[in-house]
Amino acid sequence: MILPETDPDLVARFRQDAAHYPGGHAAGVARPRTVEEIAQILAPLRTTAPHKGEPYRVLVVGAQSSLTGGATPFGDVVLSTERLTSLRVESDRVRAGAGVTLQAVQDALAVSGRWLPPVPTYLGATAGGAVATCAAGAATFKYGTVRPWVHGLTVVLANGEVLELERGQRHASTLVSLPSLRMPDVPKCSAGYFIAPEMDLVDLFIGSEGTLGIVAEVVFRTAAQPAARCHALVPVSDEEAGIRLVTELRAAAQQTWCTRDPLGIDISAIEHLDARSIAMVREDGVDRKLEIALPSGAGIILLIELELASRASSAELWRQLETARDAVGVDSPLRRFCALLDRHGALDDAEIALPDDTTRAAAFAELREAVPAGVNRRVALAQQQIDPGIYKTAADMIVPFDRFADMMRTCRGLFAERGLDLAVWGHISDGNVHPNLIPTSADDVTKGQEAILALGDAVVAMGGSPLAEHGVGRNPIKQELLRRLYGSAGIDAMRVLKLSLDPHGILAPGVIFPAQWSRAR
């Protein structure tokens with residue numbers, strides 16, 4: 001039998017995740033090396049915690065990069081996947097232990113010219129964590145979330161039973177009774193349990209945040225890397241103009257995918273930063289450090305990834321850029337892309353990093369990452385200098401793209417009418433944004449939460465999801481958004497599903513649902 005380690009220094013490493021959710025504490029840490037060891041930890045359901053007479057509660061963690069508190073323990077035994085690190089490339093698939101980082105997965109695939117497209121920005125996250133949260137990255141517009149890329153799973157249930165699953169082999173209804181719930185029709189949604197008619201059993205565990213079973217190993221499908229990529233930083237005068245440009249870029253890319261035109265515009269991702277985000281990177285001097293010129297009139301910055309079907313020399317691509325406005329010239333994806341920007345008055349201020357200019361592409365990415373870092377720093381300073389009751393207050397909303405402009409107007413109105421300082425950035429090509437409050441008082445936090453709940457109601461009414469990425473975790477506002485998305489009856493149905501696999505509430509109590517709902521009554 002594998003017993004948890006209780007060394008104080010070891011336990012201290014696992015008390016907190018990236019959300020800095022307060023009050024984390026653990027009964028011990030188990031670090032299994034094999035599926036069999038996981039089963040040994042979980043099999044004796046009636047094993048009692050010292051002096052409490054209750055079953056152990058088990059919280060699975062990977063990199064603890066959760067932004068929702070979902071990887072913060074509260075008296076649980078932490079089951080760390082850090083020793084589940086087997087990794088093997090198998091033709092067009094890769095088999096990875098739950099503790100393997102996504103960076104290691106990408107590095108292993110790169111040797112054979114392949115990659116895993118849907119990974120999130122943070123490549124220190126683990127394979128198991130990506131599955132547990134149904135992770136999604138910048139390229140969701142073209143490649144979707146992690147879900148369709150998961151070919152197989154090894155899962156250990158709360159009773160120690162091991163399931164070896166392969167997509168297409170077994171329906172979820174052979175294991176559990178599925179409730180009748182309607183999922184939002186959006187590219188990404190990490191809101192409780194995924195439910196669909198005739199769904200595959202593999203899909204039941206993706207996005208379940210470790211509450212239905214422990215993912216020990218993942219088999220991912222992979223794709224051939226694009227021949228080349230260009231990255232563009234495109235300032236636009238205002239948000240409405242930016243949305244019009246993105247609308248045309250999306251349509252052009254979708255046409256390219258349908259026609260397979262090698263000269264077509266093939267966009268995999270469009271990120272955006274709003275005017276407050278731009279002001280913040282200026283305040284912090286990030287633009288000067290990176291030597292990125294941000295025009296004073298820019299109301300939005302678009303960061304665009306353009307894939308090329310063939311690799312031309314840098315000299316040839318430079319010629320295409322220099323002659324982009326000429327009446328004659330060699331037709332190419334880059335030339336068409338520049339022509340589209342020009343039609344929207346966005347070409348003059350655009351900066352394009354060609355495939356060989358990886359340093360400049362990295363600078364664009366660093367500019368984007370400076371925005372959430374800037375917000376987090378401001379929140380921490382306000383907490384230290386103004387009021388300890390101040391903490392990070394943010395949302396993660398997605399709507400069908402044709403409702404994106406409506407969502408943004410609603411979002412800005414809700415925060416403005418409460419007098420709140422707001423920065424918004426996100427994955428505009430998916431219709432997904434991250435509204436973040438920049439608070440100056442604890443009262444701002446309360447008002448910000450009110451605005452987020454009101455925005456969540458509006459997003460649901462637009463056919464979207466108020467929980468696009470990262471899951472629900474322990475965050476009470478996100479748990480309330482989940483209830484507003486599916487209603488109390490829908491949440492009760494999900495709870496019944498959980499208890500059918502975990503009747504004693506062994507796995508991740510308080511994650512997704514309030515802690516008191518985690519075991520049978």
Side-chain angles (χ1 to χ4, degrees), residues 15-26 57 59 61 64-76 132-134 189-193 207-211 375-376 379-380 382-383 387-398 411 414-415 418 420 422 434-439 441-460 464-495 498-499 505 507-519 521:
R15 286 178 183 157
Q16 186 172 258
D17 65 16
H20 302 293
Y21 200 82
H25 61 287
R57 309 296 177 215
L59 181 73
V61 304
Q64 287 190 295
S65 53
S66 168
L67 298 176
T68 67
T72 297
F74 278 82
D76 314 87
T133 58
C134 192
C189 181
S190 189
Y193 302 142
S208 65
E209 299 192 57
T211 62
V375 169
N376 292 344
V379 172
Q383 188 179 59
D387 190 325
I390 292 173
Y391 52 88
K392 186 174 174 69
T393 307
D396 186 5
M397 308 279 184
I398 186 169
C411 174
L414 289 168
F415 279 81
R418 291 169 171 81
L420 300 173
L422 174 71
H434 307 308
N436 272 244
L437 173 68
I438 303 176
S441 68
D443 187 50
D444 280 358
V445 172
T446 300
K447 291 177 180 177
Q449 291 175 340
E450 292 171 356
I452 286 170
L453 291 174
L455 179 59
D457 289 338
V459 164
V460 172
S465 170
L467 298 159
E469 302 175 315
H470 311 304
V472 177
R474 299 186 188 276
N475 188 300
I477 297 299
K478 290 182 182 292
Q479 290 182 344
E480 174 60 17
L481 289 170
L482 182 69
R483 189 190 68 77
R484 295 188 182 197
L485 176 59
Y486 293 120
S488 296
I491 299 303
D492 286 344
M494 287 187 181
R495 179 177 175 273
K498 173 180 168 55
L499 293 176
L507 299 178
V511 175
I512 298 184
F513 310 109
Q516 64 269 25
W517 290 12
S518 294
R519 67 182 77 174
R521 293 183 178 126

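The chain is numbered in sequence order, starting from 1.
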Roughly how far, to the nearest 0.5 Å, is [atom2] of [Y] from [atom1] of [X]?
X      : Y      : atom1 : atom2 : value
Cys189 : Glu469 : SG    : CD    : 11.0 Å
Ile438 : Thr393 : CD1   : OG1   : 11.5 Å
Leu455 : Leu414 : CG    : CG    : 6.0 Å

Within the 6.0 Å centroid threshold, strictly below: Tyr486 and Tyr193:
no

Would you confirm whether [X], through its side chain, and [Y], through its main-chain N or O, come within 3.5 Å as a donor-acceptor pair?
X      : Y      : answer
Arg484 : Gly456 : no
Ser441 : Pro439 : no
Arg483 : Gln479 : no
Glu209 : Val472 : yes
Ser190 : Gly471 : yes
Lys498 : Leu507 : yes

I want to check something: taking the side chain as every heavy atom from C-beta on, are [X] and [Y] in contact at a cut-off of under 4.5 Å?
X      : Y      : answer
Ile390 : Asp444 : no
Arg495 : Leu499 : yes
Arg474 : Val511 : yes
Val375 : Lys392 : yes
Ile452 : Phe415 : yes

Show the nearest heavy-atom pair for residues [X] and [Y], with the distance to one decimal.
X      : Y      : result
Asp387 : Ala442 : OD2-CB, 3.5 Å
Ser465 : Ala191 : OG-CB, 4.3 Å
Pro73  : Gln64  : CD-NE2, 4.4 Å
Pro466 : Leu485 : CD-CD1, 4.0 Å
Glu480 : Leu453 : CG-CD2, 3.7 Å
Gly192 : Leu482 : N-CD1, 3.7 Å

List the steps, then state whether salt bridge (Lys or Arg N to Asp or Glu O under 4.0 Å) holds for Glu450 with Lys447.
CA-CA 5 Å; Glu450 292 171 356; Lys447 291 177 180 177; over 6 Å; no

Distance only, no hydrogens: is a donor on one side chain within 3.5 Å (strictly under) of an acceptor on the other, for Asn475 and Thr68?
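No, because no side-chain N or O of Asn475 sits under 3.5 Å from a partner of the opposite role on Thr68.
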
